[in-house]
Asker: 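Can you keep this structure in mind? I'll have questions shortly.
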Protein chains: 2
Amino acid sequence: MTDNNLDLKKAGLKVTFPRLKILEILATNDGHLSAEGVYKKLLESGDEVGLATVYRVLTQFETAELVVRHNFDGGHAVFEMASDDHHDHMVCVETGKVIEFFDEQIELRQHEIAKERGYEITDHNMVLYVKPIK
Amino acid sequence: MTDNNLDLKKAGLKVTFPRLKILEILATNDGHLSAEGVYKKLLESGDEVGLATVYRVLTQFETAELVVRHNFDGGHAVFEMASDDHHDHMVCVETGKVIEFFDEQIELRQHEIAKERGYEITDHNMVLYVKPIK
DNA sequence: TTCTATGCAAATTATTTGCAGCACT
DNA sequence: AGTGCTGCAAATAATTTGCATAGAA
């Protein structure tokens, strides 16, 4: 039995073909796929899964914290496998490439800033839109 | 002649009732209104402006750099008057309150991080989702 | 068998666009 | 008259949901 099988069971989700396939796709394609993107990968593999199912499964995975949803600019969400290490993203506006990064200094400042105002952070979202230095 | 009149002309936009009214609304309500929100304010004032016009005008203002569009989580964009000073946002998940802040340290690190990877920042987006410390 | 999951189409939400009429120069 | 602006309704794009049926435990 694979890890994916276990993950699904732990999440109280039945082990079905669409769910396994979607986990597999996210685990491979260095993550960062949109629902539509996952759907296309499925079609490419010749697998018949409805787009609605893709959305449903991704949402379930998000709830189960198996994947994380990111709302980049441009109106469509992207999903990636959840990992214990938090990180933020940099998106190249020319190539669309997504680069992950983590910066301790920034994380610390974010908490300080919130605390200075009497708040604590429940979540945050930081995306740098960048272009290659010529 | 008001500043708003001038701003519109400078942007090559004719001075019309919907445009003036929308500028006024954004200038007042400490900004951060969604298109729908602006539309509701208009209706409250008893002004008949179509929702489509609100969207059109906001988009024109964004292009003219009179307002800035922010894509917060939750699927709807919010607009605020453009000001020369850049800042980021903190959104209280309990009250929905939006707090602006600016942190030099974070801004500097963002540029360093991008540069370390061979990129330069064209734009960025940072939102802290927070809740009050009890 | 008993629930849960899936597919498909219809429904929603947020936003955009086509088009005919009105307004300002 | 000419060009820009508006409202309304229809069109899109992304995502969700209702429902009858197929599938997992």
Side-chain angles (χ1 to χ4, degrees), chain A residues 1-2 4-25 32-43 45-64 66-79 96, chain B residues 1 4-5 7-25 32-43 45-64 66-79 96:
Chain A
M1 180 182 287
T2 73
N4 286 345
N5 262 287
L6 265 177
D7 291 340
L8 288 175
K9 294 205 168 161
K10 244 185 297 178
L13 297 170
K14 287 188 176 167
V15 178
T16 66
F17 177 74
R19 305 220 252 238
L20 282 175
K21 212 67 215 271
I22 291 173
L23 270 187
E24 187 188 315
I25 287 175
H32 306 117
L33 281 174
S34 63
E36 194 75 29
V38 170
Y39 180 61
K40 280 181 187 148
K41 291 278 177 196
L42 285 168
L43 293 189
S45 314
D47 298 313
E48 291 298 323
V49 175
L51 179 54
T53 300
V54 173
Y55 275 104
R56 250 181 316 227
V57 169
L58 286 173
T59 302
Q60 291 162 344
F61 284 1
E62 191 196 0
T63 304
L66 286 174
V67 308
V68 181
R69 176 198 304 254
H70 297 286
N71 292 296
F72 289 172
D73 279 10
H76 63 304
V78 297
F79 300 81
Chain B
M1 178 184 289
N4 286 347
N5 261 285
D7 290 341
L8 288 175
K9 293 204 169 163
K10 244 186 294 179
L13 297 171
K14 288 192 175 164
V15 178
T16 66
F17 177 75
R19 305 220 253 237
L20 282 174
K21 214 67 216 273
I22 291 174
L23 271 186
E24 188 188 315
I25 286 175
H32 307 117
L33 281 173
S34 63
E36 195 75 29
V38 170
Y39 180 62
K40 280 180 187 147
K41 290 279 177 194
L42 286 168
L43 293 188
S45 314
D47 298 312
E48 291 297 324
V49 175
L51 179 54
T53 300
V54 173
Y55 275 104
R56 249 182 317 226
V57 168
L58 286 173
T59 303
Q60 290 161 346
F61 285 0
E62 191 196 0
T63 305
L66 287 173
V67 309
V68 181
R69 176 198 304 254
H70 297 287
N71 293 296
F72 290 173
D73 278 10
H76 63 305
V78 297
F79 299 81

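Sequence lines set the chain letters: A, B, ... in the order given, protein chains first and strands last, and positions in each chain run from 1.
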Asker: Would you confirm whether B:T53, through its side chain, and B:V49, through its main-chain N or O, come within 3.5 Å as a donor-acceptor pair?
Answerer: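 The answer is no, because no donor-acceptor pair under 3.5 Å joins these two groups.
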
Asker: State, to 0.1 Å, how close A:I25 and A:V38 come at their nearest heavy-atom pair, and which atoms those are.
Answerer: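 Heavy atoms of A:I25 and A:V38 come nearest at CD1-O, 4.1 Å.
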
Asker: How many Å lie between OH on B:Y39 and P on D:dG7, as a whole number?
Answerer: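 For the pair B:Y39 OH and D:dG7 P, the rounded distance is 9 Å.
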
Asker: Taking the nucleotide of DNA chain D with the nearest heavy atom to each, does A:A52 or A:E36 sit closer to the 5' end?
Answerer: A:E36

Asker: The side chain of A:K9 lies closest to which of these nucleotides: D:dA25, D:dC8, C:dT15?
Answerer: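 Of all the options, the side chain of A:K9 is nearest to D:dA25.
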
Asker: Quick one, which residues of residues 10-19 of chain B touch DNA chain D with a heavy atom under 4.0 Å?
Answerer: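 Nucleic-acid contacts, sorted: B:K14, B:T16, B:P18, B:R19.
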
Asker: Tell me the interatomic distance from B:E48, atom CD, to D:dC8, atom P, rounded to whole angstroms.
Answerer: 7 Å

Asker: Take atom CZ of A:F72 and atom P of D:dA14, then tell me their distance rounded to the nearest Å.
Answerer: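 Whole-Å distance recorded here is 16 Å.
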
Asker: Given atom CG of B:L43 and atom C1' of D:dG7, what is their separation to the nearest angstrom?
Answerer: 13 Å

Asker: Please report the closest heavy-atom contact between B:V78 and B:H32, naming both atoms and the distance.
Answerer: CB-C, 4.1 Å

Asker: Any idea which of C:dT6, D:dT15, C:dT15 is nearest the B:A35 side chain?
Answerer: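 For the B:A35 side chain, the nearest candidate turns out to be C:dT15.
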
Asker: Calculate the interatomic distance between A:R56 atom CZ and C:dT12 atom P; express it in whole Å.
Answerer: 17 Å

Asker: Expressed as a whole number of angstroms, how long is the span from A:L33:CG to D:dT15:P?
Answerer: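 For the pair A:L33 CG and D:dT15 P, the rounded distance is 13 Å.
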
Asker: Looking only at heavy atoms, what is the nearest atom pair of B:N71 and B:A77, with distance?
Answerer: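 Shortest heavy-atom separation between B:N71 and B:A77 comes out as OD1-CB, 3.8 Å.
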
Asker: Distance-only, no hydrogens or angles: does the A:R19 side chain make a donor-acceptor pair with backbone N or O of A:V57 under 3.5 Å?
Answerer: no

Asker: Return the stems involving DNA chain D, sorted by first number, where pairs are Watson-Crick (N1-N3 with N6-O4 or O6-N4) or G-U wobble (N1-O2 and O6-N3), both under 3.5 Å, and runs are 3 or more long.
Answerer: C:1-10 with D:16-25, C:12-14 with D:12-14, C:16-25 with D:1-10

Asker: Just the rounded figure in Å: distance from C1' of D:dT16 to CG of A:L58.
Answerer: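 Nearest whole value for this atom pair: 13 Å.
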
Asker: Quick one: B:K21 NZ to D:dT6 C1', roughly how many Å, whole number?
Answerer: 17 Å

Asker: Any chance you could measure A:F61, atom CZ, to A:D7, atom CG, to the nearest 0.5 Å?
Answerer: 9.0 Å

Asker: Can you identify which nucleotide, out of C:dG7, C:dT15, D:dT15, has its nearest atom closest to the B:Y55 side chain?
Answerer: C:dT15

